[in-house]
Amino acid sequence: MTEVSEFFSNLFNPDSWPARWHCGRWTAFHGWLYIISNILIAVAYFSIPIILYYLIKKTKNKLPFQKVFWLFFLFILSCGFTHVFDALMFWFPIYRVSAIVLFITALVSCAAVAGLYKIIPSALALKSPVELEKIIAERTKQIEISNQFLLKANTELEASQKLSEKLMKQKDEFLGIVSHELKTPVTSLKGYTQVMALKSSEEDTDQKNMLLKMDTQINKLTKLINDLLDITKVEDGKLLYNIEKFRLDKLLEETIDHIQYTTTQKIIVQRNEPVSVLADHDRISQVINNLLANAIKFSSEAMEILVSLTTENNTVVCSVRDFGYGIPEDHHDAIFEKFYRINREKSYTYPGLGLGLYIVKDIILKHGGKLWLESKEGEGSTFYFSLPIQSGN
Ligand code: ADP
């Protein structure tokens with residue numbers, strides 16, 4: 001213990017040894033060869049850690065095995081110090097400090113060896129630049145193959161898209177021709193039915209009833225044909241609008257009066273504010289008719305339908321509320337699509353092609369308005385449409 005305490009208390013005391021110049025028989029050449037070599041080694045040893053530090057920082061701490069780099073940093077640095085002390089010894093024989101520096105270097109060297117040993121498996125697993133290039137070449141080839149495959153698939157998709165567009169066009173043309181051809185005989189049929197109804201004797205109630213039913217069926221058929229005709233026009237953007245100024249409240253009244261004859265349900269007008277709009281009279285009448293017809297059709301067991309027309313700022317909002325089956329929320333957007341009908345048990349007992357709301361939406365949007373609904377299954381539905389108001393009623 002006394003040796004240790006004597007060692008540390010005389011750490012920088014050079015008295016026990018002569019300076020190295022006076023120890024043995026050094027010639028100037030021999031001494032300076034030794035000193036300069038030590039200094040050059042030390043300079044090289046101090047430069048290496050600087051380069052290592054630069055590498056670590058430049059690669060933003062992403063160098064593989066970075067901890068081992070730091071250990072080497074310390075190892076080489078401490079080696080540098082051992083050479084500095086070896087040279088200093090020619091003038092300052094501080095052998096105790098030199099021993100400490102050697103000891104620290106020994107510890108760091110062992111740690112560097114242990115660190116190096118630990119990374120051997122991972123270092124061996126690292127790919128060489130040649131191997132990496134090979135992998136990249138393989139991947140590039142794979143990407144090229146998938147690219148070619150995608151290009152081919154894309155060409156095929158484009159071709160099938162073109163074909164499907166062509167078929168859709170043909171279908172639309174077919175629908176247009178068929179509905180047009182159907183319209184003339186159906187109009188004649190309606191005319192004959194009305195003449196027959198006029199000519200039939202008042203007493204023959206059976207015949208009168210039958211003619212009335214025929215007329216109703218012909219009206220339904222006419223509506224379907226008109227929807228089909230409209231749809232082809234909507235698709236081609238050929239639905240023309242005859243814009244004029246008219247009183248929407250009066251149109252609503254007339255339409256309700258007209259449709260009230262066809263149903264036992266009571267259509268109640270809750271509010272009907274006087275308001276003028278700039279729009280196509282017949283097309284807006286078609287919108288109201290459609291919403292009312294749907295309300296009647298899909299609430300056959302309910303007693304009443306509520307209608308309201310209100311104004312707010314520069315907009316008029318018309319609502320048609322029924323207390324029928326309602327529409328589940330996941331169908332709220334889809335019912336405005338072409339040919340969309342909700343697939344429910346009773347659906348097919350009601351006539352319709354799923355075109356009405358699609359056409360209604362197009363008409364309202366073309367007028368700068370909006371169409372929307374609120375509905376819950378089993379609780380009925382409310383359909384709304386809004387239109388801009390023509391100022392100066
Ligand atoms: P359709 O001619 O079949 O009535 P629409 O486009 O007018 O075509 O309506 C699309 C579908 O939306 C209908 O088939 C029906 O399922 C549903 N629908 C429309 N209005 C109502 C309503 N008031 N109540 C419940 N369902 C409705």
Side-chain angles (χ1 to χ4, degrees), residues 171-172 175 178-179 182-183 186 216-235 239 252 255-256 259-260 262-270 282-309 317-367 369-386:
K171 182 209 75 187
D172 286 345
L175 282 180
V178 168
S179 42
L182 280 172
K183 200 169 165 130
V186 170
T216 316
Q217 294 308 319
I218 290 172
N219 283 343
K220 284 182 183 170
L221 196 55
T222 310
K223 159 116 181 31
L224 292 179
I225 293 169
N226 283 339
D227 276 358
L228 281 174
L229 272 173
D230 281 350
I231 196 83
T232 40
K233 288 183 193 155
V234 167
E235 295 295 283
L239 203 62
L252 185 67
T255 316
I256 290 172
I259 210 163
Q260 184 64 81
T262 64
T263 176
T264 50
Q265 293 177 63
K266 184 87 190 104
I267 304 174
I268 300 168
V269 181
Q270 291 187 305
D282 292 350
R283 290 292 174 192
I284 299 299
S285 164
Q286 183 182 348
V287 168
I288 301 171
N289 253 306
N290 228 305
L291 296 183
L292 281 170
N294 274 353
I296 295 167
K297 196 158 66 167
F298 297 107
S299 70
S300 49
E301 282 150 35
M303 304 295 287
E304 56 188 32
I305 286 159
L306 307 179
V307 179
S308 146
L309 187 80
V317 178
C318 179
S319 67
V320 177
R321 178 168 187 200
D322 67 64
F323 300 90
Y325 309 121
I327 300 164
E329 202 158 340
D330 47 330
H331 295 277
H332 281 197
D333 291 331
I335 56 164
F336 296 107
E337 285 168 17
K338 204 170 31 166
F339 297 116
Y340 193 88
R341 309 192 71 209
I342 299 172
N343 199 359
R344 55 185 159 208
E345 256 175 56
K346 292 181 180 169
S347 204
Y348 292 102
T349 57
Y350 299 105
L353 295 172
L355 289 178
L357 289 175
Y358 178 75
I359 297 166
V360 163
K361 187 163 185 181
D362 190 72
I363 295 173
I364 292 297
L365 291 184
K366 291 274 159 54
H367 280 84
K370 282 186 196 149
L371 177 72
W372 70 99
L373 82 148
E374 284 167 7
S375 181
K376 259 192 187 167
E377 199 170 13
E379 291 180 19
S381 317
T382 311
F383 280 82
Y384 300 87
F385 74 84
S386 69

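All ligand and atom numbering here is 1-based and tracks the order in the structure.
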Visitor: Judged by atom type as modelled, is there a donor-acceptor pair below 3.5 Å linking the side chain of Gln286 to the main-chain atoms of Val360?
Guide: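 Such a contact is absent between Gln286 side chain and Val360 backbone.
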Visitor: Check each of Ile327, Asn290, Leu357 against atom 5 (P) of ligand 1 and report the one with the nearest heavy atom.
Guide: Leu357
Visitor: What atoms of ligand 1 come closer than 4.0 angstrom to any heavy atom of Leu355?
Guide: 6 (O), 8 (O)
Visitor: Closer than 4.0 angstrom: is that true for some heavy atom of Gly324 and an atom of ligand 1?
Guide: no
Visitor: Can you classify the ring geometry of Tyr384 versus Trp372 as parallel (below 30°), tilted (30 to 60°) or perpendicular (above 60°)?
Guide: parallel
Visitor: Test of understanding: given a 4.0 Å heavy-atom threshold, classify the contact between Lys297 and ligand 1 as side chain, backbone, both, or neither.
Guide: side chain
Visitor: Find the distance between CD1 (Ile284) and CG (Asn289) and round it off to the nearest 0.5 Å.
Guide: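 With rounding to 0.5 Å, CD1 (Ile284) is 12.0 Å from CG (Asn289).
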Visitor: As an exercise, identify every atom of ligand 1 less than 4.0 angstrom from a heavy atom of Leu353.
Guide: 2 (O), 3 (O)
Visitor: Say whether, by atom type as modelled, one donor and one acceptor occur between the side chain of His332 and the main chain of Glu374 under 3.5 angstrom.
Guide: no
Visitor: With a 3.5 Å cut-off and no angle check, do the side chains of Gln265 and Ser299 form a donor-acceptor pair?
Guide: yes
Visitor: Do you know which of Asn290, Ile296, Leu292 makes side chain to side chain contact (heavy atoms under 4.5 Å, CB included) with Asn294?
Guide: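 The side chain to side chain contact (heavy atoms under 4.5 Å, CB included) with Asn294 is passed solely by Asn290 among Asn290, Ile296, Leu292.
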Visitor: At less than 4.0 angstrom from any non-hydrogen atom of Tyr340, what atoms of ligand 1 do you find?
Guide: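 Here the atoms of ligand 1 in question are 10 (C), 11 (C).
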Visitor: Between Cys318 and Leu309, which heavy-atom pair has the shortest distance, and what is it?
Guide: CB-CD1, 3.6 Å
Visitor: Is the closest heavy-atom distance from Tyr325 to ligand 1 below 4.0 Å?
Guide: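 Under 4.0 Å: no for Tyr325.
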Visitor: Under 4.0 Å, heavy-atom basis, I'd like to know which part of Phe336 is in contact with ligand 1: side chain, backbone, both or neither.
Guide: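 Looking at Phe336 and ligand 1, no heavy atom falls under 4.0 Å.
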Visitor: Heavy-atom contacts with Gly354 under 4.0 Å: which atoms of ligand 1 show up? List them by number with element.
Guide: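 Atoms satisfying the 4.0 Å criterion: 1 (P), 2 (O), 3 (O), 6 (O), 8 (O).
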Visitor: Which bit of Asp322 is near ligand 1, meaning a heavy atom under 4.0 Å away: side chain, backbone, both or neither?
Guide: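 For Asp322, only side-chain atoms sit under 4.0 Å from ligand 1.
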Visitor: As an exercise, state the distance from CD1 of Ile288 to CG of Leu252, rounded to the nearest 0.5 Å.
Guide: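 These two atoms lie 5.0 Å from each other.
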Visitor: List ligand 1 atoms under 4.0 Å from Phe383, heavy atoms only on the residue side.
Guide: 20 (N), 21 (C), 22 (C), 23 (N)
Visitor: When you check the gap from the basic side-chain N to the acidic O, do Lys376 and Glu329 get nearer than 4.0 Å?
Guide: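 Here Lys376 does not pair with Glu329 in a salt bridge, since their nearest N and O are not under 4.0 Å apart.
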Visitor: Which atoms of ligand 1 are found less than 4.0 Å from any heavy atom of Ile335?
Guide: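 Here the atoms of ligand 1 in question are 12 (O).
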Visitor: Is there a polar contact, in the sense of an N or O pair closer than 3.5 Å, between Gly356 and ligand 1?
Guide: yes
Visitor: Quick check: does Tyr358 get an N/O under 3.5 Å from an N/O on ligand 1?
Guide: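 No, since none of the N or O atoms of Tyr358 sits under 3.5 Å from an N or O of ligand 1.
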